[in-house]
Each structure stands twice: as C-alpha cells, then as structure tokens.
Amino acid sequence: MDKFLVHGGRPLQGSIRLSGAKNAALPILVASILADEDVVLTNVPTALKDVQTTLEIIESIGANVIVEKDRVVINGRGVHQQPPAALCSRIRSSLVFLGALLAKLGRSEVAAPGGCKIGQRKFDLHIQGLRDLGADVVCEEDAIHARNENGLYGADIAMYLPTTTGTQNVVFGALAAKGTTIIKNANTRPENQDLFAFLTKMGATIRSGNRVVEVDGEARLHGAEHQIMAGTDEMITYIVMAAVTGGEIRIENASLQHEPISVRHLRDSG
C-alpha cells in the first residue's frame with residue numbers, strides 16, 4: 001500500500017484501547033537481557049518494525065525470545081555475543097545496546113545507529129557518560145566500541161541537554177558500576193520513568209525526578225513482569241481526531257498525566 005484514501009465528514013464515535021508506547025517498549029526490551037531469568041512483558045506493540053528489529057537483535061546475541069501477540073518473554077542467560085551491524089543500522093534505538101551489553105558482558109560493539117533522518121542526532125553524551133563511569137569507548141566511522149577493563153565506578157554526570165536514549169545508556173552502565181551515579185539534566189520523560197519502574201521490579205535501585213536520576217550500582221537483577229505504558233502519541237492523536245470531527249470517544253487506558261502540556265493546549269483551544 002502506498003496511499004490512504006480517507007472519506008471524511010463523519011464524527012468519530014466509540015471506544016478504543018491504546019497500544020503500548022514504542023519509546024517505552026524499546027529500552028525495556030533491551031533492559032530485559034540484563035536478567036538471566038525470564039522477563040515477561042505485556043502490551044508490547046509487536047506489530048511495529050522497530051520493535052520487531054529490536055527483538056531480532058536480542059535473539060541474535062543469544063537471548064531466548066517468545067512472542068505471543070502483545071506478550072513477550074525474554075531470557076538473557078544465553079547472551080554472549082555482539083549484535084550484527086546489519087540489524088543495528090536499521091534503527092537508532094539499537095544504540096542503547098552499547099550500555100546494556102557493557103553492563104552484561106563488560107564489553108559492547110554497536111554499529112553506527114540508523115533510524116529516521118530528522119536532522120543532526122548526535123550521540124556524544126552517550127559516549128561521554130559511559131566514559132565518566134570509567135569505560136574505554138572508541139568511536140570508529142561505522143561502529144562504537146566500549147570496554148570495561150578497569151571496572152566501572154559511580155560518578156556525577158551533568159548532561160548539556162536531556163537526551164532520552166543517552167540517559168538510558170548511562171543508567172544501564174551505572175547499574176554495573178561500583179557506588180552511586182547521579183545524572184543531572186537527565187531525561188525523566190514518562191517513557192524513561194516506565195523503564196526505571198521496570199528496572200526497579202528487576203531489583204535495581206533508581207531514584208528520579210526533576211531531571212535528576214540516581215542509580216545504585218552493582219545491581220543484582222532478576223526476572224520480572226511488567227506492562228508497557230500506553231502510547232501517549234496515539235492518545236493525543238485520537239483526542240485531536242475526535243475534536244476536529246466533532247465526535248466523542250472513550251480511550252480506555254489513557255493517562256492525561258503523561259502529556260500535561262499537550263492536554264493544557266488542547267483545553268485552551270476549546
């Protein structure tokens with residue numbers, strides 16, 4: 001299909017249930033490899049290509065993966081190798097395997113990230129954050145290499161902007177470090193809060209709020225069950241569609257707290 005035909009003039013009516021948020025699901029899927037026991041995730045948007053590619057990468061490095069509709073079971077006990085460049089280059093979120101595999105195996109090698117070309121998307125804060133923890137990180141034209149040869153140690157890390165995946169990478173590295181890591185100007189958006197909640201269920205100690213994240217190191221992680229948060233982008237889309245068509249819909253599993261600014265502007269517009 002290369003086009004959509006939309007016949008308008010009808011108000012939206014009825015009820016809808018939101019899918020899981022992609023930007024919460026992707027780092028949580030990667031975090032699942034940190035446990036050597038089963039991790040059970042529900043409300044995973046498994047129809048999305050980015051999610052499917054992430055699951056392919058997880059299987060390629062030795063983890064066991066079972067997918068049943070929106071339910072995914074991952075066991076990271078068999079993780080032993082680095083992800084293929086061909087898979088990593090498809091999606092930008094593959095970059096978070098850098099911190100996860102560094103924490104899991106003591107070394108990681110990830111191809112230059114792919115994904116949407118939406119302007120300059122640097123990853124220098126990922127590199128500097130892991131270096132601040134004591135990792136030896138080398139950037140080549142087509143790949144990034146990280147090593148934990150002398151151990152990782154908790155550090156105070158200040159980011160010049162609140163990068164989403166950069167925060168995730170540093171958190172993953174901090175879980176394996178000795179001592180406590182404090183990340184200032186971190187990204188604490190709802191999707192990252194969902195990741196932190198999942199890691200807490202796995203046994204991590206993470207405190208976050210007001211763009212500050214504290215992570216206690218040497219975490220002993222285990223299996224857990226977690227439901228991926230509902231997609232906020234999808235929620236706002238349905239709200240706008242109902243508004244512009246003069247309809248009335250019920251969104252079953254929505255949380256307006258996840259998008260306070262968008263909701264405020266929508267209410268201000270009437």
Under the side-chain contact (heavy atoms from CB on, under 4.5 Å) criterion, do Leu98 and Ile127 qualify, and how do the steps go? CA-CA 9 Å; Leu98 191 70; Ile127 306 307; 4.2 Å; yes
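- Ion pair Glu252/Arg17 not flagged as a salt bridge, since none of the NZ, NE, NH1 or NH2 atoms sits closer than 4.0 Å to an Asp/Glu carboxylate oxygen.
- Among all heavy-atom pairs drawn from Gly20 and Ile228, the shortest one is CA-CG2, 4.2 Å.
- For the pair Ser60 and Pro83, the tightest heavy-atom approach, listed with the atom from each and the gap, is OG-CA, 4.3 Å.
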Taking it one step at a time, do Val67 and Gln52 satisfy side-chain contact (heavy atoms from CB on, under 4.5 Å)? CA-CA 10 Å; Val67 179; Gln52 294 170 359; over 6 Å; no
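- Here NZ of Lys69 is found 14.0 Å from OG1 of Thr42. Values are rounded to the nearest 0.5 Å.
- The closest side-chain heavy-atom distance from Glu191 to Met229 is below 4.5 Å.
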Stepwise, does the side-chain contact (heavy atoms from CB on, under 4.5 Å) test hold for Val96 with Val110? CA-CA 9 Å; Val96 295; Val110 177; over 6 Å; no
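- Across every non-hydrogen atom of Arg10 and Thr245, the tightest pair is O-CB, 3.7 Å.
- Under the 4.5 Å side-chain criterion, counting only non-hydrogen atoms from C-beta, Leu55 is not in contact with Glu59.
- The minimum heavy-atom distance linking Ala254 with Met235 is given by the pair CB-SD, 3.6 Å.
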What verdict does the side-chain contact (heavy atoms from CB on, under 4.5 Å) test give for Leu26 and Thr165, after you've listed the backbone C-alpha separation in whole Å, the side-chain angles of each residue and the deciding distance to 0.1 Å? CA-CA 10 Å; Leu26 295 177; Thr165 52; over 6 Å; no
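- In this structure the side chain of Asn185 never reaches within 4.5 angstrom of the side chain of Tyr160, judged on heavy atoms.
- Ionic pairing of Arg220 and Asp36 is not present here: no N-O contact between side-chain nitrogen and carboxylate oxygen is shorter than 4.0 angstrom.
- No side-chain heavy atom of Phe123 sits under 4.5 Å from any side-chain heavy atom of Asn169.
- Taking a cutoff of 4.0 Å between a charged side-chain nitrogen and a carboxylate oxygen, Asp216 and Arg207 qualify as a salt bridge.
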Set out, in order, the CA-CA distance, both residues' side-chain angles and the distance that settles side chain to side chain donor-acceptor pair (under 3.5 Å) for Ser208 and Gln193, then state yes or no. CA-CA 8 Å; Ser208 66; Gln193 293 291 349; 3.0 Å; yes
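- Lys22 pairs in a salt bridge (Lys or Arg N to Asp or Glu O under 4.0 Å) with only one of the listed residues (Asp50, Asp233, Asp194), which is Asp50.
- The two atoms that bring Leu221 and Gly203 nearest to each other are CD2-C, 4.0 Å, heavy atoms only.
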